[in-house]
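To start, the structure itself, in structure tokens.
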Amino acid sequence: MKLNYSKQTLALAVSLACANSAFALDLATLYNEADTADQVTLRIAGASAQDNGLENLMRLNVAGSTICAPGTLDLYRTIDKNARLFYCTGGANSGAAGKRLAVFKRSNGGSGTGVGTLVRAGTVTLDDASTVAPNFLKTDATVSGVAGVVVPAAGNLAQFTLHGAVANANTTAAPLNAADVGISDVEPAQFGAIFNPDLTAIEKAALNTTTFGTSSVIFGVPVTKGLYERLQAVEFAAANVCNPNNVGYGAVANTEACVPSLTKAQLQGIYTQQIPSWDAIQSANTAGVNVANVTTPNYPTTLENGGDGDGLADIYLERRALSSGTEASFEIYFNAQRCINGAQTMATKALGGKDNGGAGIDLVVENSSGSTIPTNLTTHDTANRGAVGILSTEIVAAAGDKWRFIKINGAAPTILNVVKSSYDLFFENTLQYRGASVNGLPALGGLQQAVANAIRDNIGKPDVISAVDVPFTQLFGRAG
């Protein structure tokens, strides 16, 4: 393999390659953003729902779709997984073959960050007074000194070295104080009105936006595990093995047939707080039994009622911030919010209140990243609270996790159900960059543009999606 290094680093690169069978690049000694002849640097902001797919694409070893030369990838990742640096030798299909390739990804703020920080330099303010900034992983000793672990190849995914314990605080502003590329779960126009001030026509026109070919993200409704089992107990009769009180339950608990369901109308009521309590979800089998008061062997007590004195089991919502593409997707799908004036809106932290009128915990949490939602659902489950969230199915629940995806209108969020048109909560992905200069920020061009186009074009190929999707197998089937 030929590594295209400058003369000053060639001897060191050869010695490193001989010493390391993975041919990984040493960040501390080889990273040099100013060396534009031999290194291409690209900073991507936006959708957290795409993070796992992007990570798998950078590992992918499929002819015609290789971004990183197989075995050369070092992945630096913060503990919360919201900041990543892919550092490798450019593969044959990267647009920068043989060069040192540094692709940064920042997910805080979600899809909207991949819009606003492309056309406005520095910190960008949203309508809710929150802010998003183009901060990316550092490349100094605090990051490059984090030990790596070699992760072996798996199918079409090549071996790589993971530095996964980088401190969350190890981020800094990009040199131009802006992102180069954005990734969104929905079209950028859906985020134009969330900024303060709104994006102008000139700013929106400066974006070169294209879809990821055939690539879309399937979204799902995650709930706490205790709620999942209670939903099964009110949906399936006692004689059915899908009922947690049935002796045969353990062997089938997470199969597609046993995944419990809520209707789209019920979920709309839950997300907007028109349905404020789990007591409203009644059993189809037993009169007087509802999700709040039914019990199961794993959850032998009724759902916690928030201590507010009304005796009802509060619904806790783990949603995303305004700039999130996942949030936009759920708002559009359930409420037609952002599409028509006067539509019902997703419950907010400000209006949601607390579980006992002021001294308790928030009934609604607006997460800056999807990675925190499973953790928060686990916390709710431990406290016996019934919580629901919003999430991409690229985040996979393991058997021991304390949360699960449920069905919508009787259909689970699987690739097959999307193809069959029985599950329709999915949105097409977009990649955008500056096609023209705006607000003093230059249009993307040269090798940076070539790498951006390579990522866009390859991640959307059907054979690539098939290979990339393999790790996104849920307990009930393939998703992602």
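All heavy atoms count here, side chains included; hydrogens, waters and symmetry mates do not.
- The ring pair (Phe, Tyr, Trp, His ring centres under 6.0 Å) contacts involving residues 284-318 comprise Y316-H380, where partners must be two or more places apart or lie in separate chains.
- When all heavy atoms are compared, the tightest approach of V451 to L42 is CG1-CD2, 3.9 Å.
- For the pairing with F427, the side chain to side chain contact (heavy atoms under 4.5 Å, CB included) check across V217, I218, I332 returns one residue only, I332.
- Across all their heavy atoms, P244 and E229 have their closest contact at CG-O, 3.3 Å.
- The ring of F426 has its center no closer than 6.0 angstrom to the ring center of F219.
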Criterion side-chain hydrogen bond (donor to acceptor under 3.5 Å, both in side chains) on N384 and E304, from CA distance to verdict: CA-CA 6 Å; N384 197 34; E304 179 265 354; over 6 Å; no

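- Geometrically, R43 engages F104 in a cation-pi contact defined by less than 6.0 Å to the ring centre and at most 45° from the axis.
- At least one side-chain heavy atom of D128 sits under 4.5 Å from a side-chain heavy atom of E366.
- Taking 4.0 Å as the cut-off between side-chain N and carboxylate O, D381 and K225 do not count as a salt-bridged pair.
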Please assess E394 against S392 for the test side-chain hydrogen bond (donor to acceptor under 3.5 Å, both in side chains), listing each intermediate value before the final yes or no. CA-CA 5 Å; E394 288 193 346; S392 154; 4.5 Å; no

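- Between V103 and L85, the closest side-chain pair of non-hydrogen atoms is not below 4.5 Å.
- At least one side-chain heavy atom of I373 sits less than 4.5 Å from a side-chain heavy atom of R320.
- Remark: the N293 side chain and the T302 side chain contain no N/O donor-acceptor pair separated by less than 3.5 Å.
- A heavy-atom distance below 4.5 Å is found between the side chains of E327 and I390.
- The pair R84-D51 meets the salt-bridge criterion, with a side-chain N (NZ, NE, NH1 or NH2) lying under 4.0 Å from an Asp/Glu carboxylate O.
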Sequence neighbours excluded and cut-off under 3.5 Å, please list the side-chain donor-acceptor pairs for residues 143-156, or say none.
unit_1	atom_1	unit_2	atom_2	d
S144	OG	D140	O	3.1

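- In this structure, the side chains of V221 and L267 come closer than 4.5 Å at one or more pairs of heavy atoms.
- The two residues P134 and N177 come nearest to each other via the heavy atoms CG-O, 3.2 Å.
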Verdict with supporting geometry, R319 and N367, side-chain contact (heavy atoms from CB on, under 4.5 Å): CA-CA 6 Å; R319 54 162 282 179; N367 296 268; 5.9 Å; no

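- The two residues T393 and P413 have their closest heavy-atom pair at CG2-CB, 3.9 Å.
- Using a 4.5 Å heavy-atom threshold, the side chains of R478 and T414 count as separate.
- The backbone N or O of N245 sits less than 3.5 Å from a side-chain atom of N243, completing a donor-acceptor pair.
- Here the closest non-hydrogen pair linking N52 and F472 is CB-CE2, 3.5 Å.
- The pair E55-R77 meets the salt-bridge criterion, with a side-chain N (NZ, NE, NH1 or NH2) lying under 4.0 Å from an Asp/Glu carboxylate O.
- Within the 4.5 Å cutoff, no side-chain heavy atoms of L391 are placed close to those of T326.
- Looking only at side-chain heavy atoms (C-beta outward), L60 and L157 come within less than 4.5 Å of each other.
- For the residue pair N298 / T296, no side-chain donor-acceptor distance below 3.5 Å is found, with atom types taken as modelled.
- R456 and T210 share a donor-acceptor pair across their side chains, judged by distance under 3.5 Å alone.
- Of the N and O atoms on the side chains of N417 and E256, at least one donor lies less than 3.5 Å from an acceptor on the other residue.
- By the 6.0 Å contact criterion, NZ on K81 is open, its count of non-hydrogen atoms from other residues, nucleotides or ligands being 12 or less.
- The closest side-chain donor-acceptor pair between N458 and S65 falls under 3.5 angstrom.
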